[in-house]
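Written below as structure tokens is the structure these notes are about.
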Amino acid sequence: MKLNRRKFIKRTLIALATVEAFFLLRGSVNKVDTSSGTTELFNAGKATAFDKNKLYPFLTGQFFLKRFEDGGFLAMSFKCTHLGCVVNTNSKTGGFNCPCHASQFNKFGEVLSAPATRPLDYFPITIEKGELLIDTRKPIRRSSFNKSQLTYL
Amino acid sequence: MTNTNQEDKTPSSIEKFILHLHPAKIDSRAIKINRTFGLGGVCALLFIILCLTGLLLRFSYIPTVEHAYDSILGLKNNTVFGQFIRNLHHLSAKLMIVASFLHLVRVYYTQSIFLKRGENWIYGLLMMFLVLASSFTGYLLPWDQLAYWAVTVITQIIEYIPFIGHSLAYVVRGSETVDGNTLLNFYTLHTGIIPLLFIFLMCMHFWLVRKAGGIALPQQEEQQKVDVIPNLVSKEIMLACIVIAGLFLTAAFYDAPLLDQANPLKSPNPSKAPWYFLGAQELLLHLHPFFSAVIIPFATALFFFGLPYYKYNNLNIGVWFNSPLGKKITIQSSIIAFVFTFALIYLFEHFFHFDLWLSNWPGVISTGLIPFLFYAVPVAAYLLFWNKKHQANRTELIMACTSIILSSYICMLLISLLLRGEGMLMIF
Ligand code: FES
């Protein structure tokens with residue numbers, strides 16, 4: 001197929017218009033966030049109330065709170081990073097299993113077996129007056145577990 | 001039944017209308033049922049049934065998270081024939097997917113997509129996409145567990161597209177997760193935009209068929225023409241009656257499924273995609289998402305859209321499988337692809353664990369490229385074998401490729417549908 005100047009200009013214009021249309025459409029069909037009160041942090045309660053080496057599910061906050069042996073807290077999203085199913089806890093390994101396509105995660109949320117390709121996302125924790133406040137608005141992606149993700153008293 | 005002495009009568013207005021859809025006379029070979037199996041017509045009929053039942057359903061359906069599920073229950077318990085209409089809608093949608101897929105297969109293997117029909121093939125593929133899209137958007141509306149998780153799984157796949165994936169998924173869902181916004185989006189698409197687009201494409205599709213001179217037939221010196229009314233029309237009415245009767249009968253005894261109300265905090269085990277997407281979900285189990293959600297779907301789509309335009313050296317328009325060799329290669333490659341896909345999946349399930357063996361390699365290679373090569377290399381070798389041993393030329397090889405793709409997809413779909421139980425593990 002030969003591409004002369006007219007055709008080239010015509011196609012460029014069409015391509016540009018398509019991109020523009022996409023953005024316009026995207027802008028106009030986007031919805032205003034109607035859920036109110038999401039600006040608040042999730043309060044999980046007194047930090048000292050959690051035992052070491054234990055896992056606490058917070059279904060309403062959509063995360064698992066893990067306190068490790070050294071006292072560090074990690075709040076992991078319960079959404080599988082593969083396609084977003086809710087993972088189950090696995091009491092044998094202390095980790096998580098996904099019911100949808102059988103991904104497995106260890107207790108740090110790292111992938112033990114595919115198809116998931118990255119560890120479970122985590123939420124930042126701050127401690128104020130001894131209470132654990134968890135920011136559930138935006139999950140943080142990570143490629144592996146490291147100490148800096150933990151929060152200490 | 002050939003009636004030829006109709007000329008003296010002026011056609012009634014209904015007959016005139018029919019003559020706008022069909023020409024007055026057509027080739028007698030075109031009305032043989034095993035030429036087309038009436039599949040395109042069945043699709044059009046199903047679309048009409050879907051529109052009518054859908055319009056009725058709109059009277060009782062409320063597209064909000066709080067009321068969607070209850071409105072379906074109300075439909076079931078308090079409306080006269082409510083459940084029946086819902087069943088009819090559900091069954092027609094299922095049948096439409098099957099019928100449109102078979103129509104696509106029929107059109108391709110009778111080699112009716114080339115030259116001026118190429119454009120119509122594109123419209124057909126777009127409509128196939130719309131059929132899937134409308135089924136999928138309708139899937140969410142009952143807002144039960146099945147619907148919720150199936151849609152969660154599929155919309156997350158979109159996020160794997162590099163660069164634009166996230167914002168695209170956001171547009172589709174209207175939010176970060178599947179919620180009321182998604183329901184509203186899907187409702188609008190399902191009951192407004194998709195049907196409208198579909199009507200437009202359908203008109204183009206029909207008009208282009210007529211413009212190309214009706215359905216594609218093999219070249220022949222002598223043509224025998226017959227009147228469309230009543231020869232073709234009577235057959236169409238008969239087929240329509242059979243389909244409608246079958247649908248009504250099934251809808252009276254088979255209820256459209258409705259699980260518990262959607263619960264975003266608990267995934268059912270196993271969570272499966274809608275059945276027609278199960279092949280894609282199966283692919284996701286074995287391949288890195290970059291391959292299974294991006295490269296392979298796009299390559300396949302490109303391949304199908306390009307089908308009429310590759311350089312062929314022996315077109316045999318209207319002839320099933322192009323040639324005897326084509327027939328042989330189609331049948332053989334479909335069977336081999338089916339068995340091979342099955343065996344490969346079985347091996348990957350139970351013996352090959354590249355993700356563990358090569359755990360310090362990047363995932364794209366260990367769980368993406370390597371399993372992909374396990375499939376691609378034997379397929380390439382198989383095609384080469386046909387090329388060298390049997391002198392299969394490009395037309396036949398492309399036909400083999402199409403057969404391999406279709407047959408592998410069906411194999412994966414069946415495995416996922418029938419052989420996967422709890423935790424999506426194979427049941428044997
Ligand atoms: S969603 Fe968890 S494995 Fe697919």
Side-chain angles (χ1 to χ4, degrees), chain A residues 1 18-19 21-35 38 57-64 77-90 96-106 110-119 121 136-139 141 143-144, chain B residues 149 152-157 159-160 164 167-182 184-185 188 263-273 281-290 292-293 309 349 353-356 359 362-364 366-368 420 422-425:
Chain A
M1 207 187 315
T18 317
V19 173
F22 176 75
F23 277 102
L24 279 179
L25 266 181
R26 206 186 86 156
S28 58
V29 302
N30 260 357
K31 295 186 178 59
V32 197
D33 194 357
T34 45
S35 54
T38 44
F58 282 91
L59 286 186
T60 43
Q62 313 209 329
F63 63 88
F64 292 110
S77 163
F78 72 12
K79 286 214 183 90
C80 178
T81 51
H82 180 228
L83 292 178
C85 286
V86 173
V87 294
N88 302 324
T89 50
N90 181 339
F96 311 93
N97 289 8
C98 181
C100 291
H101 319 100
S103 284
Q104 291 184 19
F105 303 89
N106 66 12
E110 289 173 312
V111 181
L112 279 181
S113 79
T117 49
R118 61 185 160 86
D121 300 339
T136 53
R137 281 166 306 177
K138 66 157 159 346
R141 295 179 171 213
S143 54
S144 66
Chain B
W149 289 103
T152 303
V153 168
I154 297 289
T155 50
Q156 285 269 329
I157 293 180
E159 292 205 4
Y160 281 108
I164 56 163
S167 48
L168 201 63
Y170 193 90
V171 173
V172 172
R173 279 194 299 250
S175 87
E176 287 292 337
T177 51
V178 176
D179 59 12
N181 288 345
T182 320
L184 195 58
N185 270 4
T188 315
N263 177 1
L265 303 181
K266 190 174 179 302
S267 310
N269 188 354
S271 302
K272 291 189 183 179
Q281 199 189 359
E282 179 71 29
L283 199 62
L284 273 163
L285 280 183
H286 303 286
L287 281 183
H288 188 276
F290 184 62
S292 49
Y309 304 111
E349 186 84 14
H353 298 291
F354 289 107
D355 50 325
L356 303 180
S359 53
V364 191
S366 64
T367 61
R420 288 199 179 273
E422 201 154 300
M424 287 306 272
L425 296 173

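Labels below follow one simple rule: chain letters A, B, ... track the order of the sequence lines, proteins then strands, and each chain is numbered from 1.
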Residues which pass ring-ring contact (aromatic ring centres under 6.0 Å, His included) with Phe105(A), listed by chain and number, not counting sequence neighbours
none
Does any backbone or side-chain atom of [X] lie under 4.5 Å from a heavy atom of chain A? Answer side chain, backbone, both or neither.
X         : answer
His286(B) : neither
Ser167(B) : both
Tyr160(B) : side chain
Glu159(B) : side chain
Leu184(B) : side chain

Check whether any side-chain heavy atom of [X] lies under 4.5 Å from a side-chain heavy atom of [Y], and answer yes or no.
X         : Y         : answer
Leu83(A)  : Ile157(B) : yes
Cys85(A)  : Val153(B) : yes
Ile164(B) : Phe22(A)  : no
His82(A)  : Leu284(B) : yes

When rounded to the nearest 0.5 Å, the distance separating CD of Glu176(B) from NZ of Lys79(A) is 8.5 Å
Return the option, out of Gln281(B), Lys272(B), Glu282(B), with the maximum number of heavy-atom pairs under 4.5 Å with chain A.
Gln281(B)
Which of the residues Thr188(B), Leu287(B), Leu285(B) is involved in the greatest number of heavy-atom pairs with chain A at under 4.5 angstrom?
Leu285(B)
Thr117(A): what forms a side chain to side chain donor-acceptor pair (under 3.5 Å) with it, not counting sequence neighbours?
none
